[in-house]
Amino acid sequence: QVQLVESGGGLVQHGDSLRLSCAASGRTFSSLTMGWFRQAPGKEREFVATISWSGGRTSYADSVKGRFTISRDNAKNTVYLQMNSLKPEDTAVYYCAADRAPWSTNRYYYTVPSNYDYWGQGTQVTVSS
């Protein structure tokens with residue numbers, strides 16, 4: 001079992017930056033592929049970014065590529081999402097997720113929420129215009 005706890009959300013202005021953190025416990029963190037998703041009111045949960053167990057492989061949604069950076073610190077059992085140049089359309093609840101399976105070379109695999117085994121409770125990010 002893995003417990004995930006997100007933090008770092010808040011209210012910011014258009015163009016600001018924010019860093020989300022997700023602390024994991026309960027299972028060897030370094031063996032997990034980690035991801036970030038977000039869900040805006042009335043919309044489906046959407047993929048944001050994912051990172052392999054070593055941190056050597058990452059993937060991003062087109063909507064955040066070049067603005068967001070996912071990283072991890074296996075010594076601290078934590079994954080991060082650095083969000084720069086935030087836009088009002090980035091407003092959503094952001095969720096951290098973990099996948100027990102080995103890294104998949106299928107580029108679409110990690111965009112599907114049901115492929116992840118564990119989820120955090122989410123942290124709200126609101127970007128004002």
Side-chain angles (χ1 to χ4, degrees):
Q1 194 70 11
V2 175
Q3 293 78 42
L4 303 173
V5 179
E6 302 95 335
S7 62
L11 173 63
V12 297
Q13 294 187 337
H14 189 176
D16 284 351
S17 297
L18 206 57
R19 188 176 82 156
L20 305 182
S21 300
C22 173
S25 62
R27 186 185 171 98
T28 305
F29 176 75
S30 60
S31 68
L32 300 171
T33 295
M34 301 298 297
W36 285 98
F37 284 75
R38 65 187 182 186
Q39 188 166 17
K43 295 187 177 181
E44 293 186 353
R45 192 167 296 190
E46 67 169 346
F47 168 75
V48 175
T50 189
I51 188 167
S52 62
W53 65 272
S54 68
R57 299 174 184 178
T58 58
S59 180
Y60 296 90
D62 288 342
S63 58
V64 306
K65 201 171 294 183
R67 299 189 298 122
F68 291 11
T69 302
I70 189 171
S71 61
R72 66 190 295 162
D73 185 339
N74 286 344
K76 296 183 178 180
N77 286 3
T78 302
V79 62
Y80 304 97
L81 185 68
Q82 177 67 43
M83 304 185 295
N84 298 330
S85 302
L86 282 161
K87 305 174 182 179
E89 50 263 45
D90 294 319
T91 295
V93 177
Y94 282 71
Y95 296 92
C96 174
D99 179 18
R100 297 173 298 182
W103 180 261
S104 171
T105 56
N106 180 342
R107 62 177 293 186
Y108 297 110
Y109 177 87
Y110 293 109
T111 68
V112 179
S114 60
N115 286 333
Y116 290 79
D117 301 297
Y118 306 103
W119 290 85
Q121 294 300 306
T123 185
Q124 176 71 48
V125 172
T126 303
V127 185
S128 63
S129 57

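A quick note: this is a predicted structure, and the numbers were derived from the prediction, not measured.
Scanning all heavy atoms of the two residues, the minimum distance from Val12 to Leu86 falls at CG2-CD1, 3.7 Å. Here the closest heavy-atom approach between residue Tyr60 and residue Ala49 is recorded as CD2-CB, 3.6 Å. Shortest non-hydrogen contact noted between Leu32 and Ala98 is CD1-CB, 4.1 Å. The minimum heavy-atom distance linking Gly10 with Leu18 is given by the pair N-CD2, 3.9 Å. Summarising the geometry of Met83 relative to Leu20, their closest heavy-atom pair is CE-CG, 3.7 Å, with the distance given to 0.1 Å. Minimum heavy-atom separation, Ala97 to Tyr116: CB-CD2, 3.5 Å.
Proximity of Asp73 to Tyr80: side-chain heavy atoms (C-beta onward) are separated by under 4.5 Å at one or more points. With a 4.5 Å cut-off on side-chain heavy atoms, Val2 and Arg100 do not count as touching. Counting heavy atoms from C-beta on, the side chains of Glu46 and Gln39 never come closer than 4.5 Å.
One finds the CD atom of Gln1 at 9.5 Å from the OG atom of Ser25 (value rounded to the nearest 0.5 Å). Note that the OH atom of Tyr109 and the OG atom of Ser59 stand 13.5 Å from one another [nearest 0.5 Å]. Residue Trp53 holds its CH2 atom at 9.0 Å from CZ of Arg72, rounded to the nearest 0.5 Å. Distance check: Leu81 CG to Ser21 OG gives 9.5 Å after rounding to the nearest 0.5 Å. Here His14 contributes atom NE2 and Ser85 contributes atom OG; the two are 8.0 Å apart, rounded to the nearest 0.5 Å. Ser128 contributes atom OG, which lies 4.5 Å from atom CD of Gln13 (distance to the nearest 0.5 angstrom).
Few gaps surround NZ on Lys65; more than 12 heavy atoms of other groups in view lie less than 6.0 Å from it.
Among the candidates Phe47, Trp36, Trp103, Phe37, the single residue satisfying the ring pair (Phe, Tyr, Trp, His ring centres under 6.0 Å) test with Tyr110 is Trp103. Each of Arg38, Arg45, Gln121, Gln124 was checked for a side-chain contact (heavy atoms from CB on, under 4.5 Å) with Val93, and the lone residue meeting it is Gln124.
When atom types are taken as modelled, the side chain of Thr91 and the backbone of Val127 share a donor-acceptor pair closer than 3.5 angstrom. Counting only distance, with no hydrogens or angles, the side chain of Ser52 and the backbone of Thr33 share no donor-acceptor pair below 3.5 Å. Gln82 contributes no side-chain N or O that, together with a main-chain N or O of Thr69, makes up a donor-acceptor pair within less than 3.5 Å.
With sequence neighbours excluded, the residues that form a side chain to side chain donor-acceptor pair (under 3.5 Å) with Arg67 are Asp90.
A tilted orientation is assigned to the rings of Tyr94 and Phe68, their planes being inclined by 30° to 60°.
Placement of Leu4 and Val79 within a single hydrophobic cluster is found when ILVMFWY residues are connected by side-chain heavy-atom separations under 4.5 Å, directly or transitively.
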